[in-house]
Amino acid sequence: MAIEKTINFDLDGTLADLYGVENWLAYLQAGDSTPYETAKPLVKMQVLARMLNNKKRQGFTINVISWLAKNSNPEYDEKVKNAKLNWLKKHLKSVEFDNIFIVEYGTPKQNLAKGFLFDDEVNNRINWKGIAFDVNNIINDLKTLTNYTS
Ligand SMILES: [Mg+2]
């Protein structure tokens, strides 16, 4: 079965080192979205951006699928969403994402898109309907995608 040419990236713990931000959990529990914006990249962003723009030229769709914080309310959700969009703008400015899904915590990612998923959470990978990769080798794994699509 051919895999759809769509690449989906999680953010927290996958591209963004949220859990490496000091006191990240205390911030989030206090309704402060700062760690989402200050998280350091986990991948060499220049390399990733170049690869993703190449993938787009090869006809791939590029999405982000990321959850809002556990403690959700409309005002905080808006701040978290903006923080994540700012992070993407700062670190992957040249990449034009087809969809940026920032959705309620726990939303099944397989209901939002198909194709390939990069995600640090094992349950998201298990439930995914396409091909799911962990986050240990993102750049190298990206190079293998055409093995599945062609
Ligand atoms: Mg994650």
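Both ligands and their constituent atoms are indexed starting at 1 by order of listing.
Here Asp12 meets the criterion, with an N, O or S atom under 2.8 Å of the Mg ion (ligand 1). Metal site remark for the Mg ion (ligand 1): Glu121 contributes no N, O or S atom at a distance under 2.8 Å.
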Criterion side chain to side chain donor-acceptor pair (under 3.5 Å) on Asp98 and Asn63, from CA distance to verdict: CA-CA 6 Å; Asp98 293 277; Asn63 298 336; over 6 Å; no
Trace of the side chain to side chain donor-acceptor pair (under 3.5 Å) decision for Asn127 with Gln110: CA-CA 7 Å; Asn127 293 326; Gln110 69 274 15; 4.9 Å; no
Working for salt bridge (charged side-chain N to carboxylate O under 4.0 Å, His left out), residues Lys109 and Asp10: CA-CA 9 Å; Lys109 297 194 173 187; Asp10 173 50; 3.0 Å; yes
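Side-chain atoms of Asn124 do not come within 3.5 Å of backbone N or O of Asp119 as any donor-acceptor pair.
Within Asp10, the N/O/S atom positioned nearest the Mg ion (ligand 1) carries the name OD2. The N, O or S atom of Asp120 lying closest to the Mg ion (ligand 1) is OD1.
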